[in-house]
S.K.: 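Got a structure here, written out as structure tokens. Questions coming.
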Amino acid sequence: MMGSMIHPTAIIEDGAKIGADVRIGPFCTIGPEVELGDGCQLMSHVALAGKTKVGARTRIFPFASIGHIPQDLKYRGEASTLEIGSDCMIREGVTMNPGTEGGGLRTIIGDRCTFLAGSHVGHDTKVGNDCILSNNVMLAGHVTVGNFVIFGGGSAVIQFSRVGNHAFVGGMSGLENDLIPYGMAMGNRAHLAGLNIIGMRRRNFTREQIHDIRRAYRLLFADEGTLAERVEDVAGEFEDHPFVHEILDFIREGKDRSICTPKDPVSSAG
């Protein structure tokens, strides 16, 4: 705990591992199996429990409940973990639960993620790097989220769903199907509403790359043939395009959920 500043009202149980230069504010509670990386900040009234590991320089704000037992009635006290990456921001009232036996016993959060007030990460969920959960976003158990994904306020994702890299889920949307990489989902129940063009531009995708992804999108969700047939057609036409094949691989790997699709077939022209 070299260089750390710990408020006298904080309760740190024996066994907890506290890194260097950590700041722990008033009325925080830290359980005996918690690990805090170097440079972490707990503002005040933060409750950390269970086998929870928090990466370096992550900041956690008041009334966040991190690592308490899963909200799963099948949970029977099995040893499970919650791992949070480095440089994350976890705002007021956020809840994150560790894993369960039915999901691999691990909940994993990547680096540089932002969780705004009231958002929830359920048991056995995996969130990639550089993701943003806006206020009151709810990720159910067993959800898999890629990198650079943004969730608008009040959106919800059903259990066992997958959300691909660079996707966007609009505010107040209810996502009950898998959302392809670069896709944008809107509505309750959510439908595929195009591509996250703004997100791709912010991530410095070239005009040519975006154009190819858009053309592949039109072909994939046109009304000719089955989705499986269109996947193979697009694979042949875009043989050397890794971003398009990322979408195709995501669709092929789908098992537990259907793919989120547009309300109406997309024109394949252009």
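Here the structure is a predicted model, which is why all the values come from computation and not from measurement. One-based numbering along the sequence shown.
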S.K.: Answer yes or no: does atom CE of M89 have more than 12 heavy-atom neighbours from other residues, nucleotides or ligands under 6.0 Å?
M.R.: yes

S.K.: For L192 and L179, run side chain to side chain contact (heavy atoms under 4.5 Å, CB included): C-alpha distance rounded to whole Å, both residues' side-chain angles, the deciding distance at 0.1 Å, then the answer.
M.R.: CA-CA 8 Å; L192 189 59; L179 177 58; 3.6 Å; yes

S.K.: Closest heavy-atom contact between V169 and S155?
M.R.: CG1-CB, 3.9 Å

S.K.: For I12 and I6: C-alpha separation, side-chain torsions, deciding distance, then whether side chain to side chain contact (heavy atoms under 4.5 Å, CB included) applies.
M.R.: CA-CA 9 Å; I12 302 174; I6 301 174; 3.7 Å; yes

S.K.: Under a plain distance cut-off of 3.5 Å, with no hydrogens placed, do T107 and D124 share a side-chain donor-acceptor pair?
M.R.: no

S.K.: When the ring centroid of F205 is compared with that of H166, is the distance short of 6.0 Å?
M.R.: yes

S.K.: When you compare the side chain of T144 with that of V163, does any pair of heavy atoms fall below 4.5 Å?
M.R.: no

S.K.: Under the criterion side-chain contact (heavy atoms from CB on, under 4.5 Å), which of I84, L116, V121 is the partner of I90?
M.R.: I84

S.K.: Do side-chain atoms of R230 reach the backbone of A222 as a donor and acceptor pair under 3.5 angstrom?
M.R.: yes

S.K.: Which residue in the set N97, L48, T95 passes side-chain contact (heavy atoms from CB on, under 4.5 Å) when paired with S65?
M.R.: T95

S.K.: Partners of F238 by ring pair (Phe, Tyr, Trp, His ring centres under 6.0 Å), sequence neighbours excluded?
M.R.: none

S.K.: Considering non-hydrogen atoms only, spot the tightest contact between Y217 and P262 and give its length.
M.R.: OH-CG, 3.7 Å

S.K.: Distance check, rounded to the nearest 0.5 Å: R57 atom CZ versus D111 atom CG?
M.R.: 8.5 Å

S.K.: Can you name the residues that form a salt bridge (charged side-chain N to carboxylate O under 4.0 Å, His left out) with E83, not counting sequence neighbours?
M.R.: R106

S.K.: Could you give the distance from NE2 (H245) to CZ (R252), rounded to the nearest 0.5 Å?
M.R.: 7.0 Å

S.K.: Is there a salt bridge (Lys or Arg N to Asp or Glu O under 4.0 Å) between E101 and K74? Walk through the geometry before answering.
M.R.: CA-CA 9 Å; E101 187 175 8; K74 300 185 296 298; over 6 Å; no

S.K.: Is the cationic atom of R257 (NZ for Lys, CZ for Arg) positioned less than 6.0 Å from the six-membered ring centroid of F160 and within 45 degrees of its normal?
M.R.: no

S.K.: With distance as the sole test, does S119 use its side chain to make a donor-acceptor pair with the main-chain N or O of V137 at under 3.5 Å?
M.R.: no

